[in-house]
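Shown next, in structure tokens, is the structure this report addresses.
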Amino acid sequence: MLIRNNMIEHRLQQTIGEVLASLYNIEATADSIVLQTTRKEFEGDFTLVVFPYVKQARKSPEMVANEIGAAVKERIAEIESFNVVKGFLNFKIGDAYWLQFVGSEKDNATFGIKQCAAGAAPVVVEYSSPNTNKPLHLGHIRNNLLGWSVSNLLAANGHNVKKVNLVNDRGIHICKSMLAWQRYGNGETPESTGIKGDHLVGKYYVEFDKHYKEEVRQLMEQGRAEEDAKKEAPLMVEAQAMLKKWEEGDKEIRDLWNMMNGWVYAGFDETYRQMGVAFDKVYYESQTYLLGKELVQKGLDMGVLFRKEDGSVWCDLTGDGLDQKLLLRRDGTSVYMTQDLGTALLRHNEFGAERLVYVVGNEQDYHFKVLKLVLSKLGFDWADKVYHLSYGMVELPNGKMKSREGTVVDADDLIAEMEKTAEEMSKEHGKNDDMSQEEQKQLYHMLALGALKYFILKVDPTKTMLFNPAESIDFNGNTGPFIQYTHARIRSIVRKGIEEQNLDLSQTIDGMSLTEKEREIIKSLHDLPSVVEQAAENYSPAMIANYAYDLCKNFNSFYQDTPILREENGRLKCFRVQLCQMVSTAIRNTMNILGIEVPERM
RNA sequence: GGUUCCGUAGCUCAGCUGGAUAGAGCAACUGCCUUCUAAGCAGUAGGUCCUGCGUUCGAAUCGCAGCGGAAUCACCA
């Protein structure tokens with residue numbers, strides 16, 4: 001494993017720092033010296049912009065660059081040459097360094113992935129957190145894929161990650177489904193209808209809404225104001241009563257609730273399995289919703305919270321530029337925020353976490369701002385360990401998804417559709433006809449999920465993204481299957497090299513000179529460890545996706561016009577296959593961070 | 001109205017803490033499969049980086065203002 005201090009960039013930074021000090025008396029720490037990769041149109045590998053130093057050096061940019069270049073070259077043997085264009089100092093690293101890099105990493109199956117430090121405090125990542133009244137849709141898909149891949153990403157950067165899910169299994173929404181099922185369900189079950197459990201429950205949620213709307217309409221026809229009608233509609237009144245009974249532990253209601261939630265969980269489990277996500281621990285809101293009340297009492301005692309005349313409890317955040325926030329209702333029951341305070345404390349205590357990451361949509365930015373503030377007001381110094389990974393909404397061409405308008409993109413439907421597309425595409429290409437049915441099915445699933453996951457994860461998590469169902473998800477260009485395809489092609493070469501040509505990939509190749517494209521690929525590989533680091537710091541799987549795409553572009557260009565197994569020089573052939581192997585490892589490791597599997601052939 | 005986020009090619013998106021002539025993919029148009037998998041490669045065309053002002057050697061990137069869009073500001077979760 002390459003240690004960061006040995007990386008050539010770091011040595012360059014350090015040496016440049018020394019040179020700046022000795023030549024111009026300029027104090028600059030190694031970290032403050034920014035190196036960038038040299039742009040393609042210029043010769044070199046790393047570039048130093050010298051403008052920041054010309055003032056103190058009191059010389060022209062060209063002179064400064066030349067002086068620094070000469071002095072640095074003097075001290076670092078790996079530098080082959082340097083050149084100066086205006087204020088840009090370009091260093092060219094000799095091929096020996098790149099060859100040595102490939103030699104030392106070519107067999108490292110975990111290249112780019114850091115090992116978890118022993119005994120490291122865990123990072124707890126909460127994601128998914130569904131409601132149990134309807135099936136998962138595209139928005140949940142983004143959440144789940146992000147949660148899963150960010151967890152992998154943090155783990156790849158050496159963190160001990162625990163994935164948790166907090167299921168919102170109680171509340172008025174599930175009562176609506178329950179009530180509608182009682183009324184209109186005729187005893188339907190997933191078994192009797194063949195409908196997936198979460199979809200069946202979702203069906204009754206929609207059913208409730210339909211009848212409820214009708215009641216509201218009738219009340220308004222009788223002259224009721226809309227607001228009153230909404231409150232007085234019999235269905236709503238009954239749903240509220242059901243919630244109350246639930247809270248009182250009414251056996252009949254609890255049984256119904258258990259049964260219907262059971263259906264939903266079976267459905268969710270299936271969708272999670274399809275998406276390839278999992279959790280280390282699942283919390284249920286029915287078990288946590290009472291947590292936090294003690295905290296509120298503590299806050300009252302401390303004087304950081306206050307009680308209004310009606311008995312409700314609030315936190316005054318006006319001093320922080322926010323509003324007052326309700327923490328206990330007038331009847332003493334808790335709200336979402338109360339529960340979240342409690343679960344945060346619970347989680348902090350349970351895990352001794354270094355960080356508590358919440359993968360939650362940016363519509364809840366305000367909620368998390370408040371959560372952190374209240375925690376710190378309550379005297380918890382770990383409040384700043386709470387990190388809201390705030391991601392953007394998924395929009396459709398005509399705006400937001402609205403379940404009432406039937407514009408939601410269902411997760412199961414979408415996955416099934418993608419699998420169908422993958423099958424069609426594969427059959428069209430006809431490259432896998434000799435595979436068994438089972439292998440083919442697995443491949444279609446792998447490609448379908450690869451396309452879907454990559455499509456979603458390649459965009460910056462913080463940004464709102466658009467999904468156009470009509471155009472569907474592509475399999476060409478900057479896509480998951482493109483990367484999977486590149487991997488399959490490479491593996492094919494490596495297999496043939498070993499099996500058919502008996503190449504010995506363990507030999508060390510040195511003393512040769514690299515082509516432009518080879519050097520491009522090696523430099524790209526060389527970047528991977530720092531890309532993983534940066535991506536993890538930014539909680540951005542997108543940076544991993546973009547890196548992988550770039551690497552594949554470079555490789556395919558190389559593949560197109562460079563003989564590999566057809567190369568006649570044996571050592572050169574061996575080196576190129578070693579390079580192939582390393583690229584395939586990098587592709588596999590980066591794709592695995594995204595939760596995408598890569599095939600041996602396709 | 002207050003707060004926060006966003007605005008880059010026809011469309012979807014990159015562009016890291018300010019750096020060289022702003023990049024990909026899709027869509028359009030040209031080439032390349034008797035040779036390691038053409039789900040590929042090479043090329044053409046496409047830009048007022050929303051607008052204006054400012055900061056400085058240098059701005060898509062930082063600051064301010066404006067325009068446009070989104071989210072949020074519930075005794076919902």
Side-chain angles (χ1 to χ4, degrees), chain A residues 32 34 36 38-39 41-42 47 49 51-52 54-55 61 85-88 90 129 131 168 170-173 285 289 308 310-314 321-323 325-331 333-337 339-340 361-367 369-370 390 392-393 395 397 399-400 422 425-426 428-429 431 447 451 455 458-460 462-468 471 474-479 481-486 488-493 496-497 500 530-531 534-535 537-538 540 542-543 545-546 549-550 552-553 556-567 576-577 580 601-602:
Chain A
S32 73
V34 279
Q36 39 193 296
T38 305
R39 297 187 57 144
E41 53 268 41
F42 300 96
T47 295
V49 182
F51 290 114
V54 299
K55 207 168 189 180
V85 182
K86 292 191 281 183
F88 298 85
N90 304 316
S129 311
N131 291 345
N168 185 6
R170 50 138 246 137
I172 192 71
H173 51 83
E285 200 192 292
Y289 81 105
K308 285 191 179 171
D310 64 1
S312 55
V313 178
W314 298 73
L322 305 177
D323 299 320
K325 182 72 194 176
L326 177 89
L327 292 179
L328 283 183
R329 295 194 186 94
R330 130 183 85 201
D331 61 6
T333 57
S334 60
V335 293
Y336 180 44
M337 182 62 71
Q339 176 213 239
D340 254 10
N362 62 12
E363 53 197 353
Q364 293 194 38
D365 284 354
Y366 183 78
H367 174 80
K369 212 182 261 181
V370 172
S390 163
M393 299 290 100
E395 286 184 355
K400 262 185 103 167
M425 298 284 289
S426 295
E428 205 174 293
H429 286 104
K431 295 175 185 172
L447 297 179
F455 180 85
K458 78 172 171 185
V459 345
D460 183 337
T462 64
K463 290 193 174 170
T464 306
M465 66 172 291
L466 190 118
F467 176 79
N468 189 339
E471 287 173 14
D474 230 311
F475 281 63
N476 298 313
N478 187 359
T479 67
F482 166 84
I483 291 170
Q484 290 170 317
Y485 175 70
T486 305
R489 278 210 305 199
I490 296 175
R491 291 299 304 155
S492 167
I493 288 180
K496 282 182 181 162
E500 293 173 16
S530 72
V531 169
Q534 278 187 51
E537 279 163 17
N538 290 293
S540 174
M543 292 172 76
N546 289 324
Y549 176 64
D550 197 54
C552 287
K553 287 276 299 178
N556 283 331
S557 173
F558 162 76
Y559 174 94
Q560 193 67 24
D561 56 17
T562 312
I564 301 170
L565 292 175
R566 287 178 317 209
E567 170 58 46
R576 288 185 178 153
V577 176
C580 284
R601 43 173 300 204
M602 67 185 266

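Reminder, nothing fancy here: chain letters follow the sequence lines and each chain counts from 1.
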Inter-nucleotide C1' distance (B:C6, B:A60), Å rounded: 14 Å

May I ask you to say what A:V335 touches in the nucleic acid, namely base, sugar-phosphate or nothing, with a heavy-atom cut-off under 4.0 Å? sugar-phosphate

Under 3.5 Å, which protein N or O atoms sit close to an N or O of nucleotides 11-15 of chain B? Give each pair with its distance.
unit_1	atom_1	unit_2	atom_2	d
B:C13	OP1	A:L466	N	2.6
B:A14	OP1	A:D460	N	2.6
B:A14	OP2	A:K463	NZ	3.3

Side chain of A:N556 only, heavy atoms from C-beta on: which candidate in B:A77, B:G40, B:A24 is closest? B:G40

For A:F88 and B:G58, give me the distance from atom CZ to atom P, rounded to whole Å. 13 Å

Could you check whether A:N90 gets within reach of a base, just the sugar-phosphate, or nothing at all, counting any heavy atom under 4.0 Å? base

Considering Watson-Crick and G-U wobble pairs with both distances under 3.5 Å, what does B:G31 pair with? B:C41

Roughly how far, to the nearest 0.5 Å, is the OG1 atom of A:T462 from the CG atom of A:N362? 8.5 Å

Distance check needed: B:A24 C1' versus A:F482 CZ, whole Å only. 11 Å

B:C33, syn or anti by chi within 90 degrees of zero: syn

When the C1' atoms of B:G54 and B:C16 are compared, how many Å lie between them, rounded to an integer? 25 Å

A:N546 backbone acceptor or donor facing A:D550 side chain under 3.5 Å: no

Starting at the 5' end of RNA chain B, which residue's closest nucleotide do you reach first, A:P481 or A:V85? A:V85

When the C1' atoms of B:A27 and B:G63 are considered, how many whole Å apart are they? 39 Å

With a non-hydrogen cut-off below 4.0 angstrom, is A:Y366 in contact with a base, only sugar-phosphate, or nothing? sugar-phosphate

Look at the side-chain N and O atoms of A:K553 and state whether any lies under 4.0 Å from the OP1 or OP2 oxygen of B:G25. yes

Going by purine N1 to pyrimidine N3 plus the second Watson-Crick contact, or the G-U wobble pair, all under 3.5 Å, which nucleotide sits opposite B:A22? none

Can a donor-acceptor pair be found, under 3.5 Å and without considering hydrogens, that links the side chain of A:R170 to the backbone of A:E285? no

Pairing check on B:G1: which nucleotide meets the Watson-Crick or G-U wobble criteria with it, both distances under 3.5 Å? B:C73

Looking at B:C26, I'd like to know if its phosphate oxygens (OP1 or OP2) sit under 4.0 Å from a side-chain N or O belonging to A:N476. no

Pairwise P distance for B:A45 and B:U30, with rounding to whole Å: 15 Å

Which one, B:C41, B:G40, B:C73, comes nearest to the side chain of A:S557? B:C41

Under 3.5 Å donor-acceptor, A:R601 side chain and A:K431 backbone: yes

Could you run down nucleotides 32-38 of chain B 5' to 3' and tag each one B, S or - for protein heavy-atom contact under 4.0 Å? ---BBBS

Using the C1' atom as the reference point in each nucleotide, state the distance between B:G19 and B:A59 in Å, no decimals. 10 Å

When we call it a touch if two heavy atoms are under 4.0 Å apart, what does A:L447 touch: a base, just sugar-phosphate, or nothing? base

Pairwise P distance for B:G66 and B:G2, with rounding to whole Å: 10 Å

Is it true that a side-chain atom of A:S312 and a backbone atom of A:K308 form a donor plus acceptor pair closer than 3.5 Å? no

Any A:N556 side-chain heavy atom under 4.5 Å of A:F482 side chain: yes

For the pair A:K458 (side chain) and A:Y549 (backbone), establish whether a donor and an acceptor sit closer than 3.5 Å, ignoring hydrogens and angles. no

Classify the nucleic acid contact of A:F51 as base, sugar-phosphate or nothing, counting any heavy atom under 4.0 Å across all strands shown. base

What's A:Q364 touching, base or sugar-phosphate or nothing? Going by heavy atoms closer than 4.0 Å. base

Which whole number of Å gives the distance between the C1' atom of B:G46 and that of B:C62? 30 Å

Between A:S492 and A:A488, is there a donor-acceptor pair closer than 3.5 Å when you use the side chain of the first and the backbone of the second? no

Integer-rounded Å distance: B:C6 C1' and A:M393 CE: 14 Å

Under 3.5 Å side-chain donor-acceptor pair for A:D474 and A:T479: no

Rounded to whole Å, please give me the gap between CG in A:N538 and C1' in B:U17. 10 Å

side-chain contact (heavy atoms from CB on, under 4.5 Å) involving A:F455 - partner list, sequence neighbours excluded: A:M465, A:F467, A:I473

Within the structure shown, what part of the strands sits under 4.0 Å from A:T47 by heavy-atom distance: base, sugar-phosphate, or nothing? base

Tell me whether A:Y549 is stacked on the nucleobase of B:A24, counting only the six-membered base ring and applying the 5.5 Å and 30° thresholds. no

Mind checking A:P52 for me? I need base, sugar-phosphate or nothing, with any heavy atom below 4.0 Å counting as a touch. base

Within the 4.0 Å heavy-atom criterion, would you say A:S426 contacts the bases, only the backbone, or no part of the nucleic acid? base

Rounded to whole Å, please give me the gap between NZ in A:K325 and P in B:C73. 7 Å

Using the P atom as the reference point in each nucleotide, state the distance between B:G68 and B:U55 in Å, no decimals. 28 Å

If I take atom CD in residue A:E363 and atom C1' in nucleotide B:U72, what distance separates them, rounded to the nearest angstrom? 9 Å

Using a 3.5 Å distance criterion without hydrogens, assess whether the side chain of A:S129 forms a donor-acceptor pair with backbone atoms of A:N168. no

Quick one: A:D365 CG to B:C5 C1', roughly how many Å, whole number? 7 Å

Side-chain N or O of A:R39 less than 4.0 angstrom from OP1 or OP2 on B:G23? yes

Base paired to B:C36 (Watson-Crick or G-U; both N/O distances under 3.5 angstrom): none

For a quick check of understanding: with a heavy-atom distance under 4.0 Å over all strands, which category does A:Q534 fall into, base, sugar-phosphate or nothing? base

Distance, rounded to the nearest Å, where A:L327 contributes CG and B:A77 contributes P: 12 Å

Using Watson-Crick or G-U wobble geometry with both distances below 3.5 Å, tell me the partner of B:G58, or none. none

Does A:F558 offer a backbone N or O that forms a donor-acceptor pair with the side chain of A:T562 under 3.5 Å? yes

Taking C-beta and beyond as the side chain, do A:D340 and A:H367 meet within less than 4.5 Å on heavy atoms? yes

With both distances under 3.5 angstrom, what nucleotide forms a Watson-Crick or G-U wobble pair with B:G68? B:C6

